[in-house]
Amino acid sequence: MGLISIYLQSMISYMLVLFPFYLVVRFIFLKRTRKKIILTHEAVLAIFVIYVVGLASQTVIPYWSMGINSLTGEFYFLLNLSPENTHVNLLPFHTIQEYINGSNPNVDEWESVSLLNIMANILLFSPMGFFLSLFLNKKSLFIRVLMIGFLITCSIEVIQFFIGRSTDIDDVILNTIGIMIGYWMFLLCSLVIVKPLLKKRIKSDDELENTFLNMED
């Protein structure tokens, strides 16, 4: 739970700092283009931006720290592009197997940490699959989500190689699984929520039309 709260605090911090900038930029854009404001569209777009900021904070933003030096009283900002725990793994399922069957005497509660890493890599990308399914053309949606999701995760791993984070093919596998879970969640929501609402709306329209026809008779 301690690690989860640390990651969540980090994500929320980035979201709170950067989201107001998005609101200002979006407001200026809508004013200049004079586009009609659709509240549901703006709400979904805002949620997507918040999510992307949180995702980026845990994947493509380099490790950094800043503060005041207690000895000199001077402000410092450090960008760490080569942390000691950086590694590259190109062997599929190697890291996953280490998480499941391995152990690390240097890490307390290794099983919990391993489970957290696996679940985080899956669940963190599930919303991406949902949003891709929502935004993309619905023709050949499965292939579109799979390919674009795979390219996104590969791009993140390539960026991580150059910013001092770990690069792992197993992350690509887990992230892609998460994206496809998001795709299935979208299909489930469409089946359980959207279709019944559309049927209800069509039924209401038919009843209204029949009422007018009866009035004319």
Side-chain angles (χ1 to χ4, degrees), residues 1 3-19 22-23 26 38-61 89 92-97 99-100 112-161 163 165-199:
M1 291 300 292
L3 280 175
I4 294 176
S5 74
I6 290 173
Y7 288 135
L8 287 177
Q9 287 175 12
S10 175
M11 292 177 66
I12 292 172
S13 297
Y14 278 98
M15 291 173 180
L16 291 177
V17 170
L18 295 179
F19 185 60
Y22 161 76
L23 291 178
R26 183 65 180 170
I38 303 174
L39 291 181
T40 53
H41 176 267
E42 294 302 322
V44 170
L45 187 59
I47 293 172
F48 175 68
V49 170
I50 292 174
Y51 163 70
V52 170
V53 169
L55 179 64
S57 71
Q58 303 304 307
T59 55
V60 297
I61 295 179
N89 170 49
F93 303 106
H94 175 72
T95 302
I96 295 174
Q97 186 176 3
Y99 282 150
I100 296 174
S112 298
V113 173
S114 299
L115 179 62
L116 174 63
N117 282 325
I118 292 174
M119 296 307 297
N121 273 295
I122 293 174
L123 297 179
L124 192 60
F125 281 80
S126 294
M128 179 62 72
F130 187 92
F131 282 115
L132 287 176
S133 303
L134 184 64
F135 296 148
L136 291 175
N137 189 306
K138 300 304 178 282
K139 184 179 180 180
S140 303
L141 184 60
F142 178 86
I143 298 299
R144 289 172 183 266
V145 173
L146 178 61
M147 295 304 297
I148 294 176
F150 179 74
L151 290 175
I152 289 173
T153 60
C154 286
S155 299
I156 289 174
E157 293 303 311
V158 171
I159 293 172
Q160 288 180 336
F161 178 79
I163 63 172
R165 288 177 175 260
S166 298
T167 299
D168 199 320
I169 187 64
D170 284 0
D171 286 349
V172 174
I173 295 171
L174 294 172
N175 296 162
T176 304
I177 290 173
I179 286 173
M180 297 318 296
I181 289 175
Y183 163 79
W184 289 111
M185 288 173 60
F186 172 81
L187 292 186
L188 182 62
C189 288
S190 299
L191 184 64
V192 175
I193 299 175
V194 177
K195 284 189 177 181
L197 287 176
L198 289 176
K199 288 182 179 179

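Predicted model only: the values in this text are computed from it and were never measured.
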Quick one: pull up CE in M180 and CD1 in I122 and give me the separation to the nearest 0.5 Å.
13.5 Å
Give a yes or no on whether Y51 atom OH has more than 12 heavy-atom contacts from other residues, nucleotides or ligands under 6.0 Å away.
yes
Test V172 against I169 for side chain to side chain contact (heavy atoms under 4.5 Å, CB included), laying out the working first.
CA-CA 5 Å; V172 174; I169 187 64; 4.2 Å; yes
Begin from the C-alpha positions of L124 and Y7 and carry the test side chain to side chain contact (heavy atoms under 4.5 Å, CB included) through to its verdict.
CA-CA 11 Å; L124 192 60; Y7 288 135; over 6 Å; no
CE on M119 to CG on L174, rounded to 0.5 Å:
10.0 Å
Is it true that, when you exclude E42 itself, more than 12 heavy atoms of the residues, nucleotides or ligands shown sit nearer than 6.0 Å to its CD?
yes
Anything under 3.5 Å between a donor and an acceptor, one on a side chain of residues 140-147, the other on a protein residue two or more places apart or in another chain? List them.
from : atom 1 : to   : atom 2 : distance (Å)
R144 : NE     : K139 : O      : 2.7

Tightest non-hydrogen contact, residues G54 and M15, listed as CA-CE, 3.6 Å
By side-chain contact (heavy atoms from CB on, under 4.5 Å), which residues pair with I100, not counting sequence neighbours?
I96, I118
Write down the atom of P92, the atom of I173, and the distance for their closest heavy-atom approach.
CB-CD1, 4.2 Å
Measuring from atom CG of L187 to atom SG of C189, what distance do you get when rounded to the nearest 0.5 angstrom?
9.5 Å
Please identify each residue that fulfils side-chain contact (heavy atoms from CB on, under 4.5 Å) with S13, with sequence neighbours left out.
none
Note: L45 and R26 closest approach over all heavy atoms is CD2-CZ, 3.5 Å
Which atom of T167 lies closest to which atom of Q160, heavy atoms considered:
OG1-C, 3.8 Å
Step-by-step side chain to side chain contact (heavy atoms under 4.5 Å, CB included) determination, F125 to L55:
CA-CA 8 Å; F125 281 80; L55 179 64; 3.8 Å; yes
Would you compute the distance between atom CZ of F150 and atom OG of S155 and round it to the nearest 0.5 angstrom?
9.5 Å
F130 meets the ring-ring contact (aromatic ring centres under 6.0 Å, His included) criterion, sequence neighbours left out, with F186
Rounded to the nearest 0.5 Å, what separation is found between the CH2 atom of W184 and the CG atom of L191?
11.5 Å
Specify the closest pair of heavy atoms between I163 and V60, including all atoms of both residues, with the distance to one decimal.
CD1-O, 3.2 Å
Contacts of F19 meeting ring-ring contact (aromatic ring centres under 6.0 Å, His included) (sequence neighbours excluded), chain-then-number -> Y22
Is the backbone N or O of I159 less than 3.5 Å from a side-chain atom of R165, with the two atoms forming a donor-acceptor pair by type?
no
For D171, which residues count as a side-chain contact (heavy atoms from CB on, under 4.5 Å) partner, sequence neighbours excluded?
N121, E157, D168, N175
Output for pair (H94 NE2, Y99 OH), nearest 0.5 Å, gives 10.5 Å
